[in-house]
Amino acid sequence: MAQPSRRHVLGLGIVALSASWLRGSRASEIPTEVHGMSAFGDLKYPADFHHFDYVNLDAPKGGTFSLIPSVRAYNQSYQTFNSLNAFILKGDGAQGMDMTFAPLMVRANDEPDGMYGLAAKSVQISPDKLVYRFTMRPEAKFHDGTKLTAHDGAFSLTALKTKGHPLIIVQMRDMVSAEAIDDATLIVTFAKGRARDVPLYVASLPIFSKAYYASRAFDETSLEIPLGSGPYKVGNFEVNRYIEYERVKDWWAADLPACRGSYNFDIVRYEFYRDRDVAFEGFTGKNYLYREEFTSRIWATRYDFPAVKDGRVKIEVVPDDTPSGAQGWFINTRREKFRDPRVREALIDAFDFEWTNKTIMYGAYARTVSPFQNSDLMASDGPPSSEELKLLEPFRGQVPGEVFAAPFAPPVSDGSGQDRGLLRKAQQLLNEAGVPIKDGKRMLPNGEVFRIEFLLDEPSFQPHHGPYIKNLATLGIEASVRLVDAVQYKARQEDFDFDMTIQRFSMSATPGDAMRAFFSSQVAATKGSYNLAGIASPAIDAMIEKIMAADNREELTIACRAFDRLFRAGRYWVPQWYNKTHRLAYWDQFSRPQKLPRYANGVGAPDIWWYDRAKVAKFEQAK
């Protein structure tokens, strides 16, 4: 008799595991099949819910929504694309490719982390929360009409874990295996001590066609349109310029509770520009229709063009109640010249935020101090609470003493542009760190002149560097800006080939395993990781584990606040700024729900907006 393959044995083992879990459990311990899941088991919507509260069920289908990229993930770029594979390290993936694939479950954007069935109609979770048994929807199918099964799910999760982008691999570390028992049953097994949010992350990943990739390499760039199963499919595109996604009009999931009222546009189109000023001119010329403005100078001075004045372009400011996250110059501590935290603090003291905000940014921003900015996860002023101390005490003597006092915050300058007191403090710190002045130049311990190169990929940030570089020169540091194209920028960032560079990111309202990708020592040397500063701290690693292991929101908040104190004490970045609102401009041919969900991208566009024919007709008649 032929011996079973290793894969078959593994599959049999998981079936046996599943069966033994059921046989060995008392009736009260056998979990029921549930329609959704969340980090702490709390769900807003019941099993028989009809739709998410924030959508408009009467929203018409049709029209085009066009925009420029404002967020990116994995191998994506804001300025360009050259591949339709957006889930690997190679290439520059096209924005929007996630819309072409259906995951197991999708998030409800009015909950911190609630997820509800899409390709999977339900899930059964073992009592120890290590085995998740997903039941697939029999109606799920790919765009070519072939059935989407558990085998596709198992293939996809395995491929992403082994060949996906390094950040995906890191976040899937605690997924042990994904196996299909049959077409309808997908069993995903997790490691003991797995991060709290790993099952949610796994359930949100795209499902690819196993048959499609049977003759194609999963981890290679390609401009061949992949076979998807989502609400959109790739339409027309021109590399580096634009890409369109066409709504699948007979999409199999259109009438599911988690999808009703969403995905209303016939076409979603991304336009790519290398320069923000040029991109703005493209918007005024109606080359694209929707724009979230991130440049305060443009917002304050340039939204007076004719289409704004006559009402064809609508201007709107929407409050942002979500965690604003972190933005700043991250300092590459892998380089010897930045190893001493006193040097890094001197760099913080040299940046005059108050002058920059007033003079360059029209006073539009507030100072960022924490990676959890604008949320209750930030460390509060004053010493740690007793609960935080329990987490921090094991590291007393190994971390700066300020961790046990008030959390560090960047200093407030006098707004002059060259605060003499702060520059004197920075000079003293550099001297104490063994970086003295010699013949007017700041010298490193190895005898080299202290030089800093700021790596940048778009010119709109150049004005913010000028006054900072001037202050660094006052300290004897030779600083310059290196402006490179998007491809070179991505390559240098992935290889950590920079001194300082700007990074912007936001944590979710329920941070978990993603913390590793940004802050843990295990990815400090991983090419393509988001840990740009090269943070490698046992105390921070331990606090990340506490965050991931939290059993409830109270424990999560305590662990995040303790982490925040450690992160700030490390002086890993020069904090920049954040905005408490979304500044929107769009050609007035769209409508949206009156109340937007709190945990969406802040505005819900384009997913729950729609094309408004009445508005378009009004302007057509006015011509």
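Atom set for the values below is all heavy atoms of this structure, side chains included, hydrogens, waters and symmetry mates excluded.
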Chemist: Which pair of non-hydrogen atoms, one from Lys192 and one from Leu130, has the smallest distance, and what is that distance?
Modeler: CG-CD1, 3.6 Å
Chemist: Closest approach of Arg334 and Asn531, non-hydrogen atoms and distance?
Modeler: NH2-O, 2.6 Å
Chemist: Can Asn240 and Thr80 be counted as having a side-chain donor-acceptor contact under 3.5 angstrom?
Modeler: yes
Chemist: Checking Asn75 side chain against Ile88 main chain: does a donor-acceptor pair fall under 3.5 Å?
Modeler: yes
Chemist: Quick test of your reading of the model: are Asp255 and Arg260 salt-bridged, counting only N-O distances below 4.0 Å?
Modeler: yes
Chemist: Working to the nearest 0.5 angstrom, can you tell me the gap between Ser204 OG and Gln171 CD?
Modeler: 8.5 Å
Chemist: Would Asp183 and His151 count as a side-chain contact (heavy atoms from CB on, under 4.5 Å) here? Give the steps.
Modeler: CA-CA 6 Å; Asp183 283 357; His151 298 283; 3.1 Å; yes
Chemist: Can you tell me if Asn332 uses its side chain to pair, donor with acceptor, with the backbone of Phe498 under 3.5 Å?
Modeler: yes
Chemist: For atom NZ of Lys161, is the number of surrounding heavy atoms from other residues, nucleotides or ligands below 6.0 Å larger than 12?
Modeler: yes
Chemist: Could you go through Phe49 and Tyr116, starting from their C-alpha distance and side-chain angles, then the distance that decides it, and tell me whether this counts as ring pair (Phe, Tyr, Trp, His ring centres under 6.0 Å)?
Modeler: CA-CA 10 Å; Phe49 83 102; Tyr116 298 87; 5.1 Å; yes
Chemist: Not counting sequence neighbours, which residues clear salt bridge (charged side-chain N to carboxylate O under 4.0 Å, His left out) with Arg561? List them please.
Modeler: none
Chemist: For the residue pair Lys129 and Arg194, establish whether any side-chain heavy-atom pair is separated by less than 4.5 Å.
Modeler: yes
Chemist: Do Ser370 and Asp564 have side-chain atoms, one donor and one acceptor, less than 3.5 Å apart?
Modeler: yes
Chemist: Taking C-beta and beyond as the side chain, do Trp252 and Val248 meet within less than 4.5 Å on heavy atoms?
Modeler: no
Chemist: Drop me the distance from Cys259's SG to His51's NE2, to the nearest 0.5 angstrom.
Modeler: 13.5 Å
Chemist: If the threshold is 4.0 Å, N to carboxylate O, is there a salt bridge linking Arg247 and Asp266?
Modeler: yes
Chemist: Please assess Val188 against Met175 for the test side-chain contact (heavy atoms from CB on, under 4.5 Å), listing each intermediate value before the final yes or no.
Modeler: CA-CA 7 Å; Val188 182; Met175 190 196 86; 3.6 Å; yes
Chemist: Between CG of Leu104 and CZ of Arg137, what distance do you get to the nearest 0.5 Å?
Modeler: 11.0 Å
Chemist: Go through the structure and list residues passing salt bridge (charged side-chain N to carboxylate O under 4.0 Å, His left out) with Glu494, not counting sequence neighbours.
Modeler: Lys490
Chemist: On the 0 to 90° scale, with breaks at 30° and 60°, tag the Phe272-Phe81 ring pair as parallel, tilted or perpendicular.
Modeler: tilted
Chemist: Yes or no on side-chain contact (heavy atoms from CB on, under 4.5 Å) for Val123 and Met105, after CA distance, side-chain angles and deciding distance?
Modeler: CA-CA 10 Å; Val123 61; Met105 292 187 163; 3.8 Å; yes
Chemist: What residue among Asn85, Asn82, Thr221 forms side-chain contact (heavy atoms from CB on, under 4.5 Å) with Lys90?
Modeler: Thr221
Chemist: Without swapping roles, check the side chain of Trp251 against the backbone of Ser229 for a donor-acceptor pair under 3.5 Å.
Modeler: yes
Chemist: Please round to the nearest 0.5 Å and tell me the distance separating atom CD1 of Ile168 and atom CG of Leu157.
Modeler: 10.5 Å
Chemist: Tell me whether the count of non-hydrogen atoms from other residues, nucleotides or ligands lying under 6.0 Å of NZ in Lys163 goes above 12.
Modeler: no
Chemist: Looking only at side-chain N and O atoms, does Asp174 offer a donor or acceptor that is under 3.5 Å from a partner on Tyr201?
Modeler: no
Chemist: Roughly how far, to the nearest 0.5 Å, is CD of Gln503 from CD of Gln493?
Modeler: 6.5 Å
Chemist: Ring centres of Phe65 and Phe265 under 6.0 Å apart?
Modeler: yes
Chemist: Does any N or O in the side chain of Asp607 come within less than 3.5 Å of the main-chain N or O of Gly604, such that one atom is a donor and the other an acceptor?
Modeler: no
Chemist: Which heavy-atom pair separates Phe237 from Val234 by the least distance, and what is that distance?
Modeler: CD2-CG1, 3.8 Å
Chemist: Step through it carefully: locate the ring centre of Phe519, locate the ring centre of Phe505, and say whether they are under 6.0 Å apart.
Modeler: yes
Chemist: Please confirm whether Arg269 makes a cation-pi placement over Tyr242, using NZ or CZ under 6.0 Å from the six-membered ring centre and within 45° of the ring normal.
Modeler: yes
Chemist: Aromatic ring centroids of Phe567 and Trp573 under 6.0 Å?
Modeler: yes
Chemist: Would you confirm whether Asp485, through its side chain, and Gln488, through its main-chain N or O, come within 3.5 Å as a donor-acceptor pair?
Modeler: yes
Chemist: Between the main-chain N or O of Ala533 and the side-chain N or O of Thr333, is there a donor-acceptor pair closer than 3.5 Å?
Modeler: yes
Chemist: With sequence neighbours left out, write down each residue that passes side chain to side chain donor-acceptor pair (under 3.5 Å) with Arg196, or none if nothing qualifies.
Modeler: none
Chemist: Between Asp152 and Met136, is the side-chain contact (heavy atoms from CB on, under 4.5 Å) condition met? List the steps.
Modeler: CA-CA 11 Å; Asp152 298 299; Met136 308 300 288; over 6 Å; no
Chemist: I'd like to know if the side chain of Thr100 reaches the main chain of Gly228, judged simply by a donor and an acceptor atom lying under 3.5 Å from each other, with no hydrogens or angles considered.
Modeler: no
Chemist: Please tell me if the side chains of Ile558 and Glu555 come closer than 4.5 Å, counting only heavy atoms from C-beta onward.
Modeler: no
Chemist: For Tyr54 versus Arg107, what's the shortest heavy-atom pair and its separation?
Modeler: OH-O, 4.2 Å
Chemist: Holding to salt bridge (charged side-chain N to carboxylate O under 4.0 Å, His left out), I want the full list of residues that pass it with Lys61, two or more places apart in sequence or in another chain.
Modeler: none
Chemist: Any luck finding a side-chain donor-acceptor pair between Ser77 and Tyr489 under 3.5 Å?
Modeler: no
Chemist: Can you measure from CD (Glu271) to CG (Leu67) and round to the nearest 0.5 angstrom?
Modeler: 9.0 Å
Chemist: Under 3.5 Å, is there a donor-acceptor pair linking the side chains of Ser38 and Glu111?
Modeler: no
Chemist: Step through the shown structure and confirm whether more than 12 heavy atoms of other residues, nucleotides or ligands are within 6.0 Å of CD on Glu238.
Modeler: yes
Chemist: State which residues pass salt bridge (charged side-chain N to carboxylate O under 4.0 Å, His left out) with Asp128; sequence neighbours excluded, sorted by chain then number.
Modeler: none
Chemist: For Thr510 and Arg553, test the side chains for any donor-to-acceptor distance below 3.5 angstrom and give the result as yes or no.
Modeler: yes
Chemist: For the residue pair Val202 and Phe190, establish whether any side-chain heavy-atom pair is separated by less than 4.5 Å.
Modeler: yes
Chemist: Tell me whether the rings of Tyr530 and Phe518 are parallel (<30°), tilted (30 to 60°) or perpendicular (>60°).
Modeler: tilted
Chemist: Atom CZ of residue position Arg241 - does it have more than 12 heavy atoms of other residues, nucleotides or ligands inside 6.0 Å?
Modeler: no
Chemist: Specify the closest pair of heavy atoms between His35 and Tyr45, including all atoms of both residues, with the distance to one decimal.
Modeler: NE2-O, 2.8 Å
Chemist: Okay, side chain of Tyr245, backbone of Met97: is any donor-acceptor separation there less than 3.5 Å?
Modeler: yes
Chemist: I'd like to check the side chain to side chain donor-acceptor pair (under 3.5 Å) partners of Asp250; sequence neighbours left out, ordered by chain and number.
Modeler: none
Chemist: Taking all non-hydrogen atoms of both residues into account, name the closest pair between Leu227 and Phe101 and its distance.
Modeler: O-CE2, 3.7 Å
Chemist: Taking the six-membered ring for Trp, are Phe155 and Phe208 ring centroids under 6.0 Å apart?
Modeler: no
